[in-house]
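Notes for the one structure printed next.
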Protein chains: 2
Amino acid sequence: MSRTPLHPTREQIELPMVLDCLSDPIRLAIVYQLAQQERVSSELRCGDFNGLSGKSNLAYHFAKLRECGLMQTRVAGTNRFMRLRREDMDARFPGLLDAVIKSAAKDADRLQLMAGCEVVEAD
Amino acid sequence: MSRTPLHPTREQIELPMVLDCLSDPIRLAIVYQLAQQERVSSELRCGDFNGLSGKSNLAYHFAKLRECGLMQTRVAGTNRFMRLRREDMDARFPGLLDAVIKSAAKDADRLQLMAGCEVVEAD
DNA sequence: CCCTATGTTCAATGTTTATTGAACAATTGA
DNA sequence: TCAATTGTTCAATAAACATTGAACATAGGG
């Protein structure tokens, strides 16, 4: 309850909060991976990011991403699916999200953007 | 000396540091005013921002803006002139600075972007 | 040479932040 | 019903941050 108060409407989304959210390497990686996925499924499970940090730390970052308006969560059974609020962001700050994602892509190696990506387990 | 160690080369400029810099309302206002000025003189005196905060707090923010690669300072007598490192930013992260500035312009009233602008003194 | 103006540096303060592990809640499947 | 899975909440910690005022440095004008 202390971590779920906000969830801004489109108009309530604030530029400084969005930039601050994107300035954290873990959150930037989350947003980046969601953006990559956008053409395919537009959603990822929380667990898909486990490579980036511990679960409780990720929950903290997810909350921040939701509070600033970048992400939305859909509950499905014991899973949560996250997606970018792409339309709201583009309406509110045209070109911003794309510019950030392209900038991140340029530095994909420097930033460890794909650290959390599907590790294939050899059973 | 403790406050002037970095001054990244173009290649050393890091996306998270830039976004973090821009996420602070005072620094965003500084960058915004410099961007507005760009067509005219491309430079502003430190003192032109005195409306945004106290001098020592501004010096702190100026240092951050320099350290992340967004700004450059030119000393001229007892004054310091600041300008955006526009070419470096555009080369490094194409479209990013413009997207941020346009986004800030959209919210110019909400963010207090022009708070530090030339107050005309009577007398 | 002093006095003023301009900025920076430093130390101190209180706030916010990221990170950790343990506890908790909810759902699923045996 | 029991156990396993998924993810959130909570408390604690250390680090980073923004802000303030005082001290300092430098340059320029009388």
Side-chain angles (χ1 to χ4, degrees), chain A residues 1-7 14 16-31 43-68 71-83 111-112 115-116 118 121, chain B residues 1-7 14 16-31 34 43-68 71-83 111-112 115-116 118-119 121:
Chain A
M1 186 172 148
S2 77
R3 196 74 256 172
T4 338
L6 280 109
H7 252 89
E14 305 253 18
M17 285 189 75
V18 171
L19 294 175
D20 185 50
C21 248
L22 294 169
S23 76
D24 180 277
I26 291 183
R27 290 191 295 259
L28 184 58
I30 293 170
V31 167
E43 287 185 320
L44 281 175
R45 271 177 49 247
C46 287
D48 291 330
F49 303 99
N50 283 341
L52 291 171
S53 184
K55 288 198 306 179
S56 92
N57 186 230
L58 284 178
Y60 164 76
H61 288 301
F62 291 148
K64 290 227 123 187
L65 285 163
R66 273 180 249 127
E67 284 166 23
C68 86
M71 276 188 12
Q72 224 171 2
T73 302
R74 179 175 65 88
V75 180
T78 161
N79 290 314
R80 257 100 164 160
F81 289 90
M82 338 276 320
R83 64 174 199 80
L111 317 163
Q112 298 182 309
E118 282 301 74
E121 290 125 0
Chain B
M1 185 173 151
S2 77
R3 198 69 256 173
T4 339
L6 280 108
H7 251 90
E14 305 254 19
M17 284 188 76
V18 171
L19 294 175
D20 185 49
C21 248
L22 294 169
S23 77
D24 180 277
I26 291 183
R27 292 193 292 259
L28 184 59
I30 293 170
V31 168
L34 282 169
E43 287 185 320
L44 282 174
R45 273 179 46 246
C46 286
D48 292 329
F49 303 100
N50 282 341
L52 292 171
S53 184
K55 288 199 303 180
S56 91
N57 186 229
L58 284 179
Y60 164 74
H61 287 300
F62 292 148
K64 291 227 124 193
L65 285 163
R66 275 179 250 126
E67 284 165 23
C68 86
M71 277 189 9
Q72 223 172 2
T73 302
R74 179 175 63 90
V75 179
T78 160
N79 289 315
R80 256 102 164 164
F81 289 90
M82 338 277 319
R83 65 175 198 78
L111 317 165
Q112 299 184 307
E118 283 302 71
V119 181
E121 290 125 2

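We name chains A, B, ... by the order of the sequence lines, and we start the count at 1 in each one. Just so it is clear, the model here is predicted, and its values are computed rather than measured.
- Of the side-chain N and O atoms in B:H61, one or more sit less than 4.0 angstrom from OP1 or OP2 of D:dT19.
- For D:dC17, the OP1/OP2 oxygens have a side-chain nitrogen or oxygen of B:K64 closer than 4.0 Å.
- Side-chain atoms of A:S56 and base atoms of C:dG21 include a donor and an acceptor less than 3.5 Å apart.
- To the nearest angstrom, C1' of D:dG7 lies 16 Å from CD of A:E43.
- Whole-Å rounding puts the B:M82 CE to C:dG7 C1' distance at 10 Å.
- Here the C1' atom of nucleotide D:dT8 and the CD atom of A:E67 are 13 Å apart, to the nearest Å.
- Remark: C1' of D:dG7 and CZ of A:F49 are 14 Å apart, rounded to the nearest angstrom.
- With rounding to whole Å, B:R80 atom CZ is found 17 Å from C:dA5 atom P.
- Residue A:R45 contributes atom CZ, which lies 17 Å from atom P of C:dT27 at whole-angstrom precision.
- At a threshold of 4.0 angstrom between heavy atoms, the contacts of B:G77 are confined to the sugar-phosphate backbone, with no base atom among them.
- The shortest distance between side-chain heavy atoms of A:C46 and A:L58 does not fall below 4.5 Å.
- As judged by a 4.0 angstrom heavy-atom cut-off over every strand, A:N57 is placed among the base-contacting residues.
- Between B:N79 and C:dA5 there is no side-chain polar atom (N or O) within less than 4.0 angstrom of OP1 or OP2.
- At C:dT8, one or more side-chain N or O atoms of B:R66 fall inside 4.0 Å of OP1 or OP2 (strictly under the cut-off).
- By the 4.5 Å heavy-atom criterion applied to side chains, A:H61 and A:L52 are not counted as neighbours.
- Atom CD1 in B:I30 sits roughly 12 Å away from atom P in C:dG7 (whole-Å rounding).
- Residues A:D20 and B:S23 share a closest heavy-atom pair of N-CB, 3.3 Å.
- Counting to the nearest Å, the P atom of D:dT20 and the CG atom of B:N50 are 13 Å from each other.
- The SG atom of B:C21 sits 11.0 Å away from atom CZ of B:R66, with the distance rounded to the nearest 0.5 Å.
- Positionally, the nearest nucleotide of DNA chain C for A:I26 lies more toward the 5' end than for the other of A:I26 and A:A76.
- Partner B:T73 forms a side chain to side chain contact (heavy atoms under 4.5 Å, CB included) with one of B:E43, B:R80, B:H7 and no other, that one being B:R80.
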